[in-house]
K.L.:
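So that we are looking at the same thing, I have put the structure below in structure tokens.
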2 protein chains.
Amino acid sequence: MSLEHDLQQEKFSSVHNKAAVNILYTSSWLYNLNASRLKDYDITPEQFNVLRILRGSHPKPLMLADIALRMIDKNSNATRLVEKLRQKGFLKREICEENRRQVDIIITDKGLNVLKRIDSDEAEWLAKLKTITKAEAQELNRILDKLRG
Amino acid sequence: MSLEHDLQQEKFSSVHNKAAVNILYTSSWLYNLNASRLKDYDITPEQFNVLRILRGSHPKPLMLADIALRMIDKNSNATRLVEKLRQKGFLKREICEENRRQVDIIITDKGLNVLKRIDSDEAEWLAKLKTITKAEAQELNRILDKLRG
DNA sequence: CGCAAATGTTTGTAGCTACAACTATTGTCT
DNA sequence: AGACAATAGTTGTAGCTACAAACATTTGCG
């Protein structure tokens, strides 16, 4: 559906400005879609993102700064996100003995399991994104990467 | 810069998934860029968005629900955003006499002025988006609209 | 060695958001 | 007219985020 219709706005000052609004609006739409599918698993998109990052490096631990670097939204507070996930038993934290300033963070079996359960809905999730073709998705990725410079 | 580099992640499970992450990440990047330019005017991106919506209908008032409908992030609380802007003197609220359930909201001269001042930086802002061509911006808009279905 | 700078993380606090419950007003149906 | 639903907006509250300041540990250097 056109952005003009969705936001009830008939004109934008420029194509570039419209693109900026479109990205923000589509992102919000996507975020809400993602949040609602994750709600069944009692996990937020930010928490899901952290767990996926940890699975990516498993069984090697990551320190907090590594996680923060890889997070989609750099503003979220990694310390408190990790603590929430620890309380749920999805990861464990250990003070690193080689460098006692840093904390080694490792996903637990329980964490891997919840990701596996979420993966089982992956097809359904992907279907929602398949309104665009693979070629369009590739082009989208190219343009977004170029935009960020 | 490539998403893989930015998020230090070497592979995505599919192009579509990568596109979803790319939209969320680029949106966060854009949001922060926008927030930092608006900081000089002591206004948040959400508040700026509301003011632009009101300017779009000026001098016709909008009711709260109209604003909420046009907002980029539908989750933000329109009541409290409007109240913040009223406290700053950027808009006024009047109970509509034809239908006393609704509130007529109108941007003030002070509100129009702050928008005008922000507009004067518009070129600098647009320049940050001009890493992509006009054709690419158009294609981006087309693909994002198609994605939302 | 001793001390300042750098690194890695935590925490305090004000402000913002999400969700649901609530109030007030108008519309509809018999 | 009276009752119930629909519409418009507000508010309570728990939780989350932003930003800066604090803390702990290690590194570099005179």
K.L.:
Does a side-chain N or O of B:Lys84 approach OP1 or OP2 of C:dC16 to a distance below 4.0 Å, or not?
P.N.:
yes
K.L.:
Would you mind reading off the distance between B:Asp42 atom CG and C:dC16 atom P, rounded to a whole angstrom?
P.N.:
10 Å
K.L.:
B:Arg101 side chain: which of D:dT10, C:dG8, C:dT26 is closest?
P.N.:
C:dT26
K.L.:
If you round to the nearest 0.5 Å, how far is CG of A:Leu24 from CG of B:Asn49?
P.N.:
9.0 Å
K.L.:
From C-beta outward on B:Arg80, which listed nucleotide comes closest to its side chain: C:dT25, D:dT10, C:dA18?
P.N.:
C:dA18
K.L.:
Starting at atom CZ of A:Arg86, determine the distance to atom P of C:dT10, rounded to an integer number of angstrom.
P.N.:
11 Å
K.L.:
Under 4.0 Å from OP1 or OP2 of D:dC19: is there any side-chain N or O of B:Lys39 that close?
P.N.:
yes
K.L.:
On DNA chain C, nearest-nucleotide positions of B:Asp73 versus B:Glu98: which is more 5'?
P.N.:
B:Asp73
K.L.:
I'd like to know if the side chain of A:Ser27 and the backbone of B:Ser27 have a donor-acceptor N/O pair within less than 3.5 Å.
P.N.:
no
K.L.:
For B:Glu83 and B:Arg80, what are the C-alpha separation, side-chain angles and deciding distance, and is it a salt bridge (Lys or Arg N to Asp or Glu O under 4.0 Å)?
P.N.:
CA-CA 5 Å; B:Glu83 175 56 15; B:Arg80 288 188 255 230; over 6 Å; no
K.L.:
Evaluate the salt bridge (Lys or Arg N to Asp or Glu O under 4.0 Å) criterion for residues A:Lys39 and A:Asp42: first the C-alpha distance (whole Å), next the side-chain angles of each, then the deciding distance (0.1 Å), finally the verdict.
P.N.:
CA-CA 5 Å; A:Lys39 196 174 243 177; A:Asp42 191 31; over 6 Å; no
K.L.:
Pick the closest DNA chain C nucleotide for A:Asn32 and for A:Thr79 by heavy atoms, then say which residue is nearer the 5' end.
P.N.:
A:Thr79
K.L.:
Taking atom C1' of D:dA8 as reference, at what distance in whole Å does atom CG of B:Leu69 sit?
P.N.:
14 Å
K.L.:
Rounded to whole Å, how long is the line connecting atom CG of A:Asn99 with atom P of C:dA6?
P.N.:
17 Å
K.L.:
Specify the separation, in whole Å, of atom CD1 of B:Ile95 and atom P of D:dT7.
P.N.:
20 Å
K.L.:
Expressed in angstrom and rounded to an integer, what is the separation of A:Leu81 atom CG from D:dG15 atom C1'?
P.N.:
12 Å
K.L.:
Could you check A:Glu46 against B:Gln102 and say which one's nearest nucleotide on DNA chain D is further toward the 5' end?
P.N.:
B:Gln102
K.L.:
Check the distance between D:dC23's P and A:Arg100's CZ and give it to me in whole angstrom.
P.N.:
18 Å
K.L.:
In whole angstrom, what separates B:Ile43's CD1 from C:dG15's C1'?
P.N.:
16 Å
K.L.:
Look at the side chain of B:Asn77 and decide which nucleotide, out of C:dT25, C:dC19, D:dT26, has an atom nearest to it.
P.N.:
C:dC19
K.L.:
Measure from the side-chain N and O atoms of B:Arg70 to the backbone N and O of B:Asp66, and report whether any donor-acceptor pair falls under 3.5 Å.
P.N.:
yes
